[in-house]
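Along the sequence shown, the residues carry numbers beginning at 1. All heavy atoms count here, side chains included; hydrogens, waters and symmetry mates do not. The shown structure was predicted, so the numbers you read here are calculated from the model rather than taken from an experiment.
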Amino acid sequence: LQAHQALLENRERLMLSGVTGIDSYDDRAVILYTQLGMLTVLGRGLHLEQLSLESGEAVVLGDIQVLRYGDRDRNASVGLVRRLLR
């Protein structure tokens, strides 16, 4: 996989590289895993124009309003829940 990059054009087209997985998506949120952690894309009328986990590339189209990165470790939230339940 290539290094993670995010290129946003006119807040309407988000081109991503370094994508390692996808959690969920609908017309208001796309949640992806990247080499740098979880990435949540929020907006309106969102849809995945392209997704290839083999090449690590994705393209999200729509009215993109927020790009939010989470933990670098995709299992970090599971570890936190386990610690809280001890």
Side-chain angles (χ1 to χ4, degrees):
L1 291 174
Q2 58 190 11
H4 173 63
Q5 292 183 335
L7 176 62
L8 180 60
E9 293 181 346
N10 298 320
R11 292 181 57 180
E12 297 173 346
R13 180 181 174 93
L14 176 63
M15 293 171 285
L16 300 165
S17 63
V19 175
T20 59
I22 183 163
D23 185 68
S24 63
Y25 69 94
D26 60 30
D27 65 337
R28 292 181 180 240
V30 177
I31 302 172
L32 302 160
Y33 295 104
T34 74
Q35 292 177 341
L36 297 180
M38 187 183 340
L39 172 61
T40 302
V41 180
L42 301 175
R44 291 187 214 139
L46 301 179
H47 67 276
L48 283 170
E49 179 182 56
Q50 173 187 343
L51 174 64
S52 171
L53 297 180
E54 291 174 0
S55 67
E57 296 178 346
V59 176
V60 179
L61 298 179
D63 179 16
I64 298 168
Q65 298 171 339
V66 176
L67 299 178
R68 180 175 47 218
Y69 285 91
D71 293 329
R72 285 184 180 262
D73 180 6
R74 73 190 298 184
N75 296 319
S77 60
V78 173
L80 175 63
V81 170
R82 285 185 187 150
R83 284 191 304 245
L84 292 174
L85 295 177
R86 285 186 189 172

Quiz item: Does CD belonging to Q50 count more than 12 external heavy atoms closer than 6.0 Å?
Solution: yes
So, for [X] and [Y], which heavy atoms are closest and what is the spacing to 0.1 Å?
{"X": "A29", "Y": "L42", "result": "CB-CD2, 3.7 Å"}
{"X": "Q35", "Y": "H4", "result": "OE1-N, 3.5 Å"}
{"X": "D26", "Y": "V30", "result": "O-CG2, 4.4 Å"}

Pairwise side-chain contact, [X] with [Y], heavy-atom cut-off 4.5 Å (strictly under):
{"X": "L39", "Y": "L16", "answer": "yes"}
{"X": "I22", "Y": "L48", "answer": "yes"}
{"X": "Q65", "Y": "R11", "answer": "yes"}

[atom1]-[atom2] distance between [X] and [Y], expressed to the nearest 0.5 angstrom:
{"X": "R44", "Y": "I64", "atom1": "CZ", "atom2": "CD1", "result": "13.0 Å"}
{"X": "L8", "Y": "R13", "atom1": "CG", "atom2": "CZ", "result": "11.0 Å"}
{"X": "R68", "Y": "I31", "atom1": "CZ", "atom2": "CD1", "result": "8.5 Å"}

Should [X] and [Y] be counted in the same cluster of Ile, Leu, Val, Met, Phe, Trp and Tyr side chains packed under 4.5 Å apart?
{"X": "L61", "Y": "V41", "value": "no"}
{"X": "L46", "Y": "L51", "value": "yes"}
{"X": "L7", "Y": "V59", "value": "yes"}
{"X": "V19", "Y": "Y25", "value": "yes"}

Quiz item: Hey, does the side chain of T20 reach the backbone of Y33 with a donor-acceptor pair shorter than 3.5 angstrom?
Solution: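 Yes, because the side chain of T20 sits within donor-acceptor range (under 3.5 Å) of the backbone of Y33.
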Quiz item: Would you say the side-chain atoms of S17 pair up with the backbone N or O of A3, donor to acceptor, closer than 3.5 Å?
Solution: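 Yes; at least one donor-acceptor contact below 3.5 Å.
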